[in-house]
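What you see is a predicted model, and the numbers here were worked out from it, not measured in a lab.
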Amino acid sequence: MADPASSNLGRMLTDEITPVVMVLRTPLVEEATRKNGLSFIELLNPFCAFNNIDVPVRTASDQPYRLQKFKLRLFYASDIAQPNIEVAKVRIKQVITRAGEKDFPEVSSNPLAIETVLGATQHKVLPSWFQVFNQELVHTVSFAEHEAFDHPVACLLAVSSKDEESISKFVDLFNTNQLPSLINDGAMDPKILKHFVVVHDNQDGMPDRATKVLTEMRNTFGANNCRLLCINSSRDGSVERQENPWASCKSDGSQFQQLGCFLSLDDVDELKNSMQDLSSKHIIPYMEQKIRVLNQQVSATRKGFRNQIKNLWWRKGKEDVPDNPNGPTYTFNSVEFQIRVLGDYAFMLRDYELALSNYRLLSTDYKLDKAWKHYAGVQEMMGLTYFMLDQSRKDAEYCMENAFSTYLKLGSSGHRNATRCGLWWVEILKARDQHKDAASVYFRISGEEPLHSAVMLEQASYCYLFSTPPLLRKYGFHLVLAGDLYKKCDQVKHAIRTYRGALSVFKGTTWNHIKDQVHFHIGKWYAFLGMSDVAIEHMLEILACGHQSKSTQELFLRDFFQVVQNTGKTFDVLKLQLPVINVNSVKVVFEDHRTYASETATSVKEGFWHSFEEDMIPLLSSMRSNWLESHGKNFTQKYKESNICVAGEVIRVHVELKNPLQIPISVSNVSLICEHSSGSDETNPDLNSSIDNDQLRKLAINGKIGAEASSFLSGEIDLRLGAGETVVAQLSVIANIEGTLEIVGVRWKLSGSVSGFCKFDSDILKKKFARGKRKSKKSSGNYLKFLVIKSLPKLEGFVHHLPETVYAGDMRRLSLELRNPSNTPLKNLKMKVSHPRFLNIGDQDVMEMEFPSCLEKKRSSAEVYVPVKTCKARTVFSFPEDMVICGDSTCLWPLYLRAAAPGNHSLYITIYYEVGDASSIMRYRVLRMHYNLEVLPSLDVSFQISSHPSRLQEFLGRMDVINRTSSESFQVHQLSSVGNEWEISLLQPMDTVFPADFLMAGQALSCFFKLKNCRKWVNAEDNPSSLVPSEKADIRLVCGNGEALFDTSRLPLVDFHHYERLHQGISDQDHQTTVDFILISQSQSDDKSGINIFSHHACDCSVGSSSPIWWLIEGPGTVTHNFAVDFCEIKLKMFIHNSSDVTASVHISTFDSAPTIDSLSTGASVSSANEAGWRDLSVLNDIKVTSDAVGNHSGKLLSPASVSPFIWSGSSSNRVTLEPLSSTEIALQICVFSPGTYDVSNYSLHWSLFGSGDEDDKETGLRLSSGTCEGHSYYLTVLQQG
């Protein structure tokens, strides 16, 4: 620790524990000094403190030391008394009030940042008036009877030279009636040093009479104790001084320049010399002598082992005396009082060792006497002595703690002494950097007086600030507590000051609740003082208090609007917190060559639109990312790096506004803050530099800076935000003339009272334009700057009757409306849709036809059928070349919608068009359209097909339909095969299968039908192209014949089916082994005025095996023969069909014994020799329809006997060649030797497909594939005749 004397406590002790001089003067003396605006004591006080008096001092020891600093305290005799408590309170309150006026923070100043506070010295941070306040508290316990350092050491008697009988006046001044009551009561020693002064006013004439009086004084009182003091030597009162020594004497605002105005420089020097002589030649020697005399007396009576035993014996028995709060009374003649005087005199002359030894001696006596107040006073002085000696920290703290606790035990009579003890204790701890402990002492001495406690809590807060490490939370918390107590005592300015100090701690933290309370109360208190502007500034910080309770939010808003209302004006606030503006979410939607039909189209990523439009816009994929680049050198680099907008077209800005409160708020006049320049940004310096807050405020209030009001039009909207509601405000601005437009920010008005405006900071604003997140070469500062070009025509488009929610399969006709409000023509229109499976472009000639009746079959049975080929996909649809849209004309174009699959789907449409004006710098534009479609499940349709057991190229089919909706009913209308190559017929009438008209929700339907290839059989030598298509490709599934069938070969059904096949990855090549179905159903429309049709497509349903060769054996089923005469010959026919599109070679091999191929015996059991040719017929009753028309042949029961019951006769091997899609007939014959039932399947077909070559030389052809098929089961029963 540094030198204790240079510490704050050391300086305080030098001022407070110093010799007291009692002053007695006549009225004429006071009158003479009052000419200078000063009392007699005020005249002398500036010269009573000596920083370098350099006086040798020798107390009890023989070793002298030199005293450098010394001070005298002068008091009138009438003031030497214990202060009145009420008067002291008033004086302390005046100190605090004056400090509040002086230290009240400036309105324009912001609270210091906590980093700045931590980096500053304690002297700069601590309020200077704390020291004055603490001194006043110390003075409240002055002149106590149990302490001697406030007792007068000397008496200064002053008589004027004009006083009559001056010697008698001196005698009368020291009369008992003039002395303090403590002297008269015996608490103070009246035998003190006396010094006599005759005061002469030079304005009254020459000092002759004063010299005569001085001579009489010296003869009466002694030459060394008398002095002449001449004052008021200046006649005109115009003495000039560099520093006025009395400037600090008046704190009530008096003009200190007038203080001492009649005192010349010689007068001042005489005052200095007089007081220095009084100190060095009279008071200090007197105190030295007094210390030596008292020390000898104490040593003779109290020191030494014998005297200590004697003292203890004499005091024996006092321990049994009950405690008395006041304790025993010690007069100035008592030994205890003399020891106290010895210790205090030694302390005032800096002989701390001597003082400590006497305090120790006295402490024991007071404790034994139970004189607790005297004991606490001695303990207090011991603690201070230990500190000044810089010895034993523990002893010093123990003594201060002991003194403090003892004072408190005395009750109300000791509280003020405890406060003084606590203040000195605090300074001891602070000098040793024990700030945290000092804060706890401040808290203990805060007391019950609110104003007293407020100051102590504030001083404690600074102790937490200066702790190591700093305890910032406690620092801020105690400042808030102090502020609350200041407010209770009507010290509003102090309350504001402490709360502002707490803000430096809470700023930037998550302690939102206390931070809001601090701002709120500061605002209320500033409003109480009439400083509404500053009050509103603070209350603005608490508007977005979503973390507070609803009642607190209502309180904050109500008081805020009340303060604003009391001002009678509207406030403009930068970054008003209510509502919360999410700057990062700002999205700008503008149109250059890309235009949008709806808001949903702007939310689609630019990357999708770019790839989707590649094959529409010439050279777009290889050329550029923007239309300006297509003009090359015709445009400067400035144009390439700018956002482009068209004059007269809207720029939309989506700004997210959030109400963080639990109560609704009203927001009105929400609009964009914009700046427009008719020139380019290169010639306008305002657009190249960042707009500061003052410019933004001016722009928000006036609506323009250096621009005409007609240059742009900014729309305004009004909002009411519910509790916790977030709204995306769609703001707009339209640039009316060419030039440069910058969107600076947004402005609004809260509840019609406060105008807020927020700047769009380009450094943190993310680019979220409608053009997407494609990498841009534009600088980050140009996101909200636009180059406005001249007006251009713009195509408007809308799809009518497009529903938001439909059932799967729903097919309806829509109407695309195109309109051009401008007189400039638009030409070369092209259109593209993203999902042709859902959306199909029709022909304009069908617009006048009714839908769906236009899809019905209109031809009669006599008409010749002309096949319609599937329409191939049109990637980009081009409108007629002669089609021009201009002059507000409207064009309607048909579109077909089919809900192909359940789920949520996005449909995209792009229309490309060129501007007819050749002078326009923008040659083409595109219109982007986006719609969302929700498709709900409707009908699940599935098919199962198996081959006919007795017909070649005839199949049995089963259709299962399930209604998956929750409430919708459907009427199953028709089933059609696609391609007109198949005939369909029901196995049972529909009214038998399903008598109800509608398939209800959750209901299922199953029906069986027969499927047949509609081509006729031809011989191999005939042209296969002569096959004729069937006319029975559709079947009606509704009862009755009144409703017409729909033509599935017409548009758009044929196109939708084409895209359905493409979606399933099926090629368009026709194949004889698969078939496609379309099921058409109906339901009532939502408005009950018509019907909705639904088409359900099933593609690539298999109707054949993997083998390209189909065959069938025909012959008698039962034959009767007389085997007694001879064996039985039976003729059979085999029909063979080549279903492939290449030439096939078929080799038929028959055998009379059991086949040796492993696959023939799979799953079969071998019968006995007597059962050869027989087979269990139970399998015929278990035939099931499967999805594979021709499956693998099951095993046969063949006899292992060497003689077969039947044999093949005629040729055992036949080879034929079949052209593509041709059939042939081969004659076969068997010989049966005994009756029975036989499975004539012991043959095989070996086939090969050739890509080229002829029948005579197959080896020259290329064999594509080959295989072997085992014979089909054919059961023949032969009976014995009669």
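Two residues are said to be in side-chain contact when any heavy atoms from C-beta on lie closer than 4.5 Å; Thr498 and His494 fail this criterion. Using a 4.5 Å heavy-atom threshold, the side chains of Val21 and Pro152 count as separate. The side-chain heavy atoms of Ile41 and Thr33, taken from C-beta on, include no pair separated by under 4.5 Å. The side-chain heavy atoms of Leu342 and Ile291, taken from C-beta on, include a pair separated by under 4.5 Å. Side-chain contact between Thr140 and Ile92 is present, with heavy atoms from C-beta onward closer than 4.5 Å. Counting only heavy atoms from C-beta outward, the side chains of Leu179 and Phe174 approach each other to under 4.5 Å. A heavy-atom distance below 4.5 Å is not found between the side chains of Trp424 and Val441. A heavy-atom distance below 4.5 Å is not found between the side chains of His200 and Val213.
In this structure, Ile283 and Pro19 approach most closely via the heavy-atom pair CG2-CB, 4.3 Å. When all heavy atoms are compared, the tightest approach of Asn358 to Leu354 is ND2-O, 2.7 Å. When all heavy atoms of Phe47 and Pro245 are compared, the closest pair comes out as CZ-CG, 4.4 Å. The nearest pair of heavy atoms linking Gly37 to Glu42 is O-OE1, 4.2 Å. Residues Ser160 and Thr26 come closest through the heavy atom pair N-OG1, 3.6 Å. Scanning both residues, Pro4 and Met388, for their nearest heavy atoms gives CG-O, 3.8 Å.
For the pair Ser7 (side chain) and Asp3 (backbone), a donor-acceptor distance under 3.5 Å is absent. Remark: the backbone N or O of Val95 is not paired with any side-chain donor or acceptor of Trp129 at under 3.5 angstrom. A donor-acceptor distance shorter than 3.5 angstrom exists from the side chain of Arg209 to the backbone of Ser161, with no hydrogens or angles considered. Looking at Arg98, its side chain never comes within 3.5 Å of a backbone N or O of Ile96 through a donor-acceptor pair. Checked by atom type and distance alone, the side chain of Arg416 never pairs as donor or acceptor with a backbone atom of Val141 at under 3.5 Å. Judged purely by atom type and a 3.5 angstrom limit, Asp189 uses its side chain to pair as donor or acceptor with the backbone of Lys191.
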Problem set entry | Stepwise side chain to side chain donor-acceptor pair (under 3.5 Å) check, Gln122 with Tyr462 | CA-CA 9 Å; Gln122 296 186 22; Tyr462 287 101; over 6 Å; no

For this session: Would you check, one step at a time, whether the test side-chain contact (heavy atoms from CB on, under 4.5 Å) holds for Ser279 with Phe50?
Result: CA-CA 9 Å; Ser279 300; Phe50 309 98; 3.1 Å; yes

Problem set entry | Worked check of ring-ring contact (aromatic ring centres under 6.0 Å, His included) between Phe337 and His151 | CA-CA 12 Å; Phe337 184 81; His151 295 184; 5.6 Å; yes

For this session: Take Asn202 and Phe262, measure what side-chain contact (heavy atoms from CB on, under 4.5 Å) needs, and give me the verdict at the end.
Result: CA-CA 10 Å; Asn202 287 328; Phe262 294 104; over 6 Å; no

Exercise. Under the side-chain contact (heavy atoms from CB on, under 4.5 Å) criterion, do Lys69 and Ile53 qualify, and how do the steps go?
Worked result: CA-CA 6 Å; Lys69 292 184 178 182; Ile53 195 171; over 6 Å; no

Problem set entry | Full working for salt bridge (Lys or Arg N to Asp or Glu O under 4.0 Å) between Lys212 and Glu216 | CA-CA 7 Å; Lys212 182 179 179 181; Glu216 293 179 3; 5.1 Å; no

For this session: Report the C-alpha separation of Thr59 and Tyr345 in whole Å, then their side-chain angles, then the decisive distance to 0.1 Å, and conclude whether the side-chain contact (heavy atoms from CB on, under 4.5 Å) test is met.
Result: CA-CA 10 Å; Thr59 56; Tyr345 277 27; over 6 Å; no

For this session: Could you give me the CA-CA distance, side-chain angles and deciding distance for Asn51 and Gln68, then say whether side chain to side chain donor-acceptor pair (under 3.5 Å) is met?
Result: CA-CA 6 Å; Asn51 292 326; Gln68 301 297 332; over 6 Å; no

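There is no side-chain donor-acceptor pair under 3.5 Å between Ser39 and Arg34. Arg91 and Gln94 share no side-chain donor-acceptor pair at under 3.5 Å.
Within the model, atoms NZ of Lys430 and CH2 of Trp425 stand 14.5 Å from one another, a figure rounded to the nearest 0.5 Å. The distance from the CD1 atom of Ile339 to the CG atom of Leu294 is 9.5 Å, given to the nearest 0.5 Å. Rounding to the nearest 0.5 Å places CG of Asn45 at 11.5 Å from CG of Leu271. Note that the CG atom of Asp344 and the CZ atom of Phe149 stand 6.5 Å from one another [nearest 0.5 Å]. Going from atom CE of Met348 over to atom CE of Met287 covers 4.0 Å, rounded to the nearest 0.5 Å. Atom CE of Met275 and atom OG of Ser280 lie 11.0 Å apart (nearest 0.5 Å).
With Tyr76 as the aromatic partner, Arg25 meets the cation-pi criteria of under 6.0 angstrom to the ring centre and within 45 degrees of the ring axis.
Under the 6.0 Å cut-off for aromatic ring centres, Phe143 and Phe75 qualify, their centroids lying closer than that.
Applying the salt bridge (charged side-chain N to carboxylate O under 4.0 Å, His left out) test between Arg420 and each of Glu16, Glu427, Glu380, Glu136 identifies Glu380 as the sole match. Checking Asp204, Asn36, Asp267 one by one against Asn232, the side-chain hydrogen bond (donor to acceptor under 3.5 Å, both in side chains) holds for a single residue, Asn36.
Dense packing is recorded around NZ of Lys71, with more than 12 heavy atoms of other residues, nucleotides or ligands lying under 6.0 Å away. More than 12 heavy atoms of other residues, nucleotides or ligands shown are found within 6.0 angstrom of CD on Gln203. Around NZ of Lys493, the count of heavy atoms belonging to other residues, nucleotides or ligands within 6.0 Å exceeds 12.
Under the 30°/60° scheme for interplanar angles, the aromatic rings of His374 and His146 are found to stand perpendicular. Relative ring orientation between Phe170 and Phe221 is described as perpendicular, the plane-to-plane angle rising above 60° on a 0-90° scale split at 30° and 60°. Classification of the Phe347-Tyr359 ring pair by plane angle, with boundaries at 30° and 60°, yields tilted.
A salt bridge does not link Arg73 with Asp15: every distance from a Lys NZ or Arg NE/NH1/NH2 to an Asp or Glu carboxylate oxygen is 4.0 Å or more. With respect to the salt-bridge test (charged N to carboxylate O, under 4.0 angstrom), the residues Lys169 and Asp163 do not qualify.
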